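Reviewing the structure listed below.
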Amino acid sequence: MIDRTLAPAFGQVENIDLLHAMPYKLDNGLQCFVIDGGDQDLVRIEFIFSNVEWDMTKPLQAFATNTLLNDGTSQYSAAQIADKVDYYGAFLQTEYNFDQVTVTLYTLNKHLKSTLPIVKAILTDSIFPQREIETFILNQKQKLSVNMEKNDFVGRKVFNEALFGNTLYGYDIDAAAYDHLNRSQVAEYFRKAYQPQNCTLIIAGKVKNETLQELNNIFGIDWNNAGVATPNSFTFGKAEGAEHYVEKKDALQSAIRIGQIAINRGHTDFPGFQVLNTILGGYFGSRLMANIREDKGFTYGIGSALVSLKNTGYFFIASEVGADVCSQAMSEIEKEVNLLKDQKVSDGELDLVRNYMLGSMLGSLENALSHADKFKNIYFSGLDYDYYDTYIRVVRNITPDDIIGLANKYLNFENFQKVIIGKK
Amino acid sequence: MVLFDRFTLDNGLKVLVHEDPTTPMAVVNILYDVGARDEDPEKTGFAHLFEHLMFGGSVNIPTYDEPLQRVGGENNAFTSNDITNYYITLPAVNLETAFWLESDRMLSLAFSEKSLEVQRNVVCEEFKQRYLNQPYGDVWLKLRPMAYKKHPYQWATIGKVLEHIENATINDVRDFFKKHYNPSNAILVVGGSVKTEQVKLLAEKWFGDIPGLEKPVRNLEEEPAQTEERTLTVQADVPLNAIYKVFHMPSRNDENYFTVDLISDILSRGNSSRLFRKLLKEQKLFSEINAYLTGSLDAGLFVVEGKPLPGISMQIAEEAIWHELEQLKLEQVTPDELTKVKNKIESTMVFSEMSLLDKAMNLAFFELLGDADRLNSETQKYLNVTAEQIRQQAQQIFRPENSSTLYYLAN
């Protein structure tokens, strides 16, 4: 009979091998990176553009322009673009985040020749028909009105505004912002941002030589730069902590989101802070989950995260808790934050977190696409692959004293912006 | 193509192995053939609550998550109306830890009162977060009992009401475990950097001595054919009106399932789809509109849902939906449109083979359907669908007397 009370022997993750991105440039200087791997005969091609020339009187420019790229060129109508992409079983996605907009093509290699010219057309020749802009504004306003009924959505908006003010990171988009959007703003932004020098191309999957040739033929020859656009640059001071409470009378739950400006990936403390964050709220077994979900049953989920942006970083804790236990949940969160500053984490807990983080890192490298994501993390932070060696070294070697030091340096509950939407 | 080996232990546990040497990771996926459809109508939401309790410690191991995280693993689970599925990813060198943990909770749980009490609260908060405290969150709590009068799909996996969860007792937990959580009712899939021989040894070692019981017999009442149109109007504190229309359709194992799945793609997949293009873009009647299937193992539902724009009456919105459905009944789709949705199926299948966890989950699911190898012939089934079959299925399904419509009106 086996003794089921004894855990099997186990080992720590030894090697974490990253597929390195191969850099090259198209003839017009467009910077590309290739991450080649996998058996599936497909690629993901990402065209990533920095957000540029933030203007708070036109807060929706970048988002609207990128979303509307699918909606017509001088050659193709929105319907024809959609027909072509869908016909070849491809997926053409537009994404927007705080620092960049991305146009992503997922396609089987055998359809690459048919799908790439569509991407070329939308990146260089979008015309933004007035009718499509009107539809966009109308539908986005409806979506916004639904989202404003969701406490976690409102919480995110209030929190971002408290941290980042009237920058792109924090601007409070309301229905009026959509009313002010117009075609000339979109056309202006399209001219400024969608240029080869503002673009990075990341190709991941089974990448063939002819693919690179094809990319150069389509995007490297006659796509030219026209005027330099300046990428956004923001600075944020440390603000006083404050409470931001939005009451919702019939709320069954309250959305909590609290945190403060922190550091980004380029800072030497970043990997250590990630260990600290994992202990507090970064995995299922974290202290916040163990206390507020698994012991008290106040919530379905609670977590924390350290987010790296181009111009700063921030730390936050978020949850949706029963409206009747919101105050109790807040004081338990405060307790857990302060505990990390006062008491050393035990070796047992720290070792568990080390192993969890290394296993999680290994598991996040599933295929060429995920290796490409790892590359983007460092490249757009101005770092190289040494970062991951450092990260792994820090995770392996960080001490309980280091954790206390980081907690005291970065986690100050009084300085947190504390957002509660619902009841308290 | 997802290759696998398959064997069965003496106690009835089915084991599938998918060797994928390109990754240093391993996946362990256990599907239990039990879902919300197997619940007592007076104790709904129980299969899902039980899933939470599976993490509350087993007979020989006080906590489930901690030892797994200690070896670099992660896990989660989900419950549907049909199945309960648990999965682990971890560095392949630590594979045995997953066998140790999974086998012990199949052997027996700790049945801790504290765990039950806490998870009752957690699930009640989940109920509130996802169904009650969200705009339109309770739609499926209303639609299911409209569409299903006999079959247990009439309730959602979260349960009919909070009280059912609040009233769950430890004896309910014991009974449920005894009935459903035994080797003959489970399918284990191990994938990644593993060898079949190694998995055989580990499976025998850890699962081999768990007593085998008879696989529970499922005897659900079939949903009788619907013969009258059903409608319900509700008012709620939401900003926009919404319409939800559901039709009965064939089960996942029916040969017509693939045809109906393609119909939903024609209507709603991608920006070239009919509902998006015609009703949202061209006619500007809706701010959002979608069609999809519930995809359930027993006869499921074909769903059309949309939010009409302000100033568009429910009647106009509904007529526009019907017009698109009628078109499918009248005219065959063109060869181009059919090729388009088939190409999308093909590329989606290739993309899904990039994920080890997806492969393992799919193998388990298709094994439950009857044969894991069907995962590999699935694409062909879609490719075989003809335009005439699509027209016939549309005629079969899109009939008023086969429909239930929920008008969800803003206060």
Side-chain angles (χ1 to χ4, degrees), chain A residues 1-2 4-5 7-8 10-13 38-42 70 78-79 82-83 85-90 106-108 135 138-139 142-143 145-146 148-151 250-253 283-285 293-300 320-322 351-352 355-356 358-360 362-363 366-367 369, chain B residues 22-25 60-61 65-67 69-74 89-91 93-94 96-97 100 104 107 117-122 125-126 128-129 132-135 205-206 237-240 269-272 277 280-281 284 287-288 307 309 336 339-340 343-344 346-347 350-351 353-356:
Chain A
M1 280 290 282
I2 39 175
R4 289 181 173 274
T5 60
F10 66 94
Q12 206 180 52
V13 172
D39 296 331
Q40 290 75 32
D41 208 357
L42 51 82
N70 280 332
D83 277 342
V85 171
D86 286 342
Y87 183 82
Y88 293 106
Y106 295 85
T107 182
L108 298 182
T135 306
L138 196 58
N139 293 342
Q142 306 306 311
K143 275 188 195 135
S145 71
V146 174
M148 290 303 290
E149 298 299 314
K150 299 176 182 169
N151 291 346
D250 299 322
L252 295 172
Q253 286 189 318
Y283 73 121
F284 193 89
R293 172 176 145 139
E294 292 296 302
D295 186 56
K296 309 283 190 314
F298 288 166
T299 180
Y300 177 50
E320 286 174 83
V321 302
D351 283 344
L352 182 150
N355 293 350
Y356 169 77
L358 294 172
S360 180
L362 192 68
E366 177 149 61
N367 52 45
L369 276 51
Chain B
T22 66
T23 166
M25 301 295 285
N60 296 297
I61 309 172
D65 291 292
E66 199 222 274
Q69 287 153 357
R70 191 171 291 286
V71 304
E74 293 185 83
T89 54
L90 78 174
V93 290
N94 294 333
E96 189 159 5
T97 303
W100 171 60
D104 202 53
L107 182 65
E117 191 196 324
V118 169
Q119 293 308 318
R120 269 194 307 241
N121 285 336
V122 169
E125 291 306 325
E126 181 180 0
K128 292 179 203 164
Q129 183 172 327
L132 304 180
N133 208 38
Q134 292 292 335
K205 176 178 174 184
W206 291 103
D237 279 329
V238 291
L240 313 173
R269 189 163 197 191
N271 288 359
S272 71
R277 169 164 308 166
L280 187 143
K281 285 275 198 153
K284 294 195 181 189
S287 63
E288 278 177 57
K307 297 196 175 76
L309 281 166
D336 267 8
T339 304
K340 177 190 80 172
N343 281 347
K344 212 88 176 189
E346 187 197 1
S347 64
V350 180
F351 272 97
E353 286 182 13
M354 297 189 88
S355 159
L356 176 61

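Quick note on labels: first sequence line is chain A, next is B, and so on, each numbered from 1. Bear in mind the structure is a predicted one, so any value in this text is a computation, not a measurement. Just the heavy atoms: all of them, side chains too, but no hydrogens, waters or symmetry mates, feed the values below.
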- Flag, side chain of B:Asn133 to backbone of A:Leu252, donor-acceptor distance under 3.5 Å: yes

- Which pair of non-hydrogen atoms, one from A:Ala82 and one from B:Ser272, has the smallest distance, and what is that distance? CB-N, 3.5 Å

- Message: Tell me which of these, A:Gly285, A:Gly322, A:Gly363, A:Ala7, has more heavy-atom pairs under 4.5 Å with chain B than the rest.
- Response: A:Ala7

- Item | Residues A:Glu149, B:Val238; criterion side chain to side chain contact (heavy atoms under 4.5 Å, CB included); working and verdict | CA-CA 7 Å; A:Glu149 298 299 314; B:Val238 291; 6.0 Å; no

- Query: Rounded to the nearest 0.5 Å, how far apart are CD of B:Gln119 and CZ of A:Arg293?
  - Reply: 5.0 Å

- Query: Between A:Val13, A:Ile2, A:Leu42, which shows the greatest number of heavy-atom pairs under 4.5 Å with chain B?
  - Reply: A:Leu42

- So which of B:Glu126, B:Lys128, B:Met25 has the biggest tally of heavy-atom pairs under 4.5 Å with chain A? B:Glu126

- Note on the structure: Separation between CZ (B:Phe351) and OG1 (A:Thr107), nearest 0.5 Å, reads 7.0 Å

- Message: Applying side-chain contact (heavy atoms from CB on, under 4.5 Å), can you list everything that pairs with B:Asp336, at least two apart in sequence or on another chain?
- Response: A:Tyr87, B:Thr334

- Task: Would you check, one step at a time, whether the test side chain to side chain contact (heavy atoms under 4.5 Å, CB included) holds for B:Leu240 with A:Ser145?
- Result: CA-CA 8 Å; B:Leu240 313 173; A:Ser145 71; 3.8 Å; yes

- Message: Give me the atom names and distance for the closest heavy-atom approach of B:Pro91 to A:Gly359.
- Response: CG-CA, 4.1 Å

- Verdict with supporting geometry, A:Lys143 and B:Ser287, side-chain hydrogen bond (donor to acceptor under 3.5 Å, both in side chains): CA-CA 8 Å; A:Lys143 275 188 195 135; B:Ser287 63; over 6 Å; no

- With a 4.5 Å cut-off on heavy-atom pairs, point out which of B:Glu288, B:Glu353, B:Lys307, B:Lys281 contacts chain A the most. B:Lys281

- Using non-hydrogen atoms and a 4.5 Å limit, figure out which bit of A:Val146 sits close to chain B: side chain, backbone, both or neither. both

- Query: Non-hydrogen atoms of chain B under 4.5 Å away: do they reach the side chain of A:Asp295, the backbone, both or neither?
  - Reply: both

- Query: By a 4.5 Å heavy-atom criterion (distance strictly below it), what part of B:Leu280 contacts chain A: side chain, backbone, both, or neither?
  - Reply: both

- Task: Check whether A:Met1 gets within reach of chain B through its side chain, its backbone, both or neither, counting any heavy atom under 4.5 Å.
- Result: side chain

- Query: Pick from B:Leu309, B:Val93, B:Ile61, B:Thr89: which one has the most heavy-atom pairs with chain A under 4.5 Å?
  - Reply: B:Leu309

- Interatomic distance, CG@A:Asp39 vs OG1@B:Thr22, rounded to 0.5 Å, equals 6.5 Å

- Message: For a side chain to side chain contact (heavy atoms under 4.5 Å, CB included) check, start with the C-alpha distance between A:Thr135 and B:Lys284, then their side-chain angles and the critical distance, and finish with the verdict.
- Response: CA-CA 7 Å; A:Thr135 306; B:Lys284 294 195 181 189; 2.9 Å; yes

- Message: I'd like to know if the side chain of A:Glu366 reaches the main chain of B:Leu356, judged simply by a donor and an acceptor atom lying under 3.5 Å from each other, with no hydrogens or angles considered.
- Response: yes

- Message: To check you understand the geometry: which heavy-atom pair defines the closest contact between B:Asn121 and A:Lys296, and what is its length?
- Response: ND2-O, 4.1 Å

- Message: What part of A:Leu362 gets within 4.5 angstrom of chain B, counting heavy atoms only: side chain, backbone, both, or neither?
- Response: both

- Residue A:Tyr106 versus chain B: region with a heavy atom under 4.5 Å: both

- Message: Taking every non-hydrogen pair under 4.5 Å, which of A:Leu352, A:Val85, A:Asn70, A:Asp250 racks up the most with chain B?
- Response: A:Leu352

- Across all chains, not counting sequence neighbours, the side chain to side chain donor-acceptor pair (under 3.5 Å) partners of A:Asp83 are B:Arg277

- Query: Do A:Gln253 and B:Glu125 have side-chain N/O donor and acceptor atoms under 3.5 Å apart?
  - Reply: yes

- Query: What part of B:Asp65 lies closer than 4.5 angstrom to a heavy atom of chain A: side chain, backbone, both or neither?
  - Reply: side chain

- Query: Does any heavy atom of chain B fall under 4.5 Å from the side chain of A:Glu294, the backbone, both, or neither of them?
  - Reply: both

- Item | Heavy-atom proximity to chain A below 4.5 Å, by part of B:Arg269 | both

- Query: Would you say the side-chain atoms of A:Asn355 pair up with the backbone N or O of B:Gln69, donor to acceptor, closer than 3.5 Å?
  - Reply: no

- From B:Gln134 CD over to A:Asn151 CG, what is the distance, rounded to the nearest 0.5 angstrom? 8.0 Å

- Interatomic distance, A:Leu108 atom CG to B:Glu346 atom CD [nearest 0.5 angstrom]: 6.0 Å

- Item | Interatomic spacing from OG in B:Ser355 to CD in A:Gln40 - rounded to 0.5 Å | 10.0 Å

- Task: Could you pull out the closest heavy-atom pair between B:Gly73 and A:Tyr356, with the gap in Å?
- Result: O-CD1, 3.7 Å

- Query: If you look at every heavy atom in A:Phe10 and B:Thr97, which pair is closest and at what distance?
  - Reply: CB-OG1, 4.4 Å

- B:Asn60 side chain to A:Arg4 main-chain N or O, any donor-acceptor pair under 3.5 Å? no

- Query: Given side chains that start at C-beta, do those of B:Val350 and A:Asp41 come closer than 4.5 Å, heavy atoms only?
  - Reply: no

- Item | Pair B:Lys344 + A:Asp86: basic N to acidic O under 4.0 Å | yes

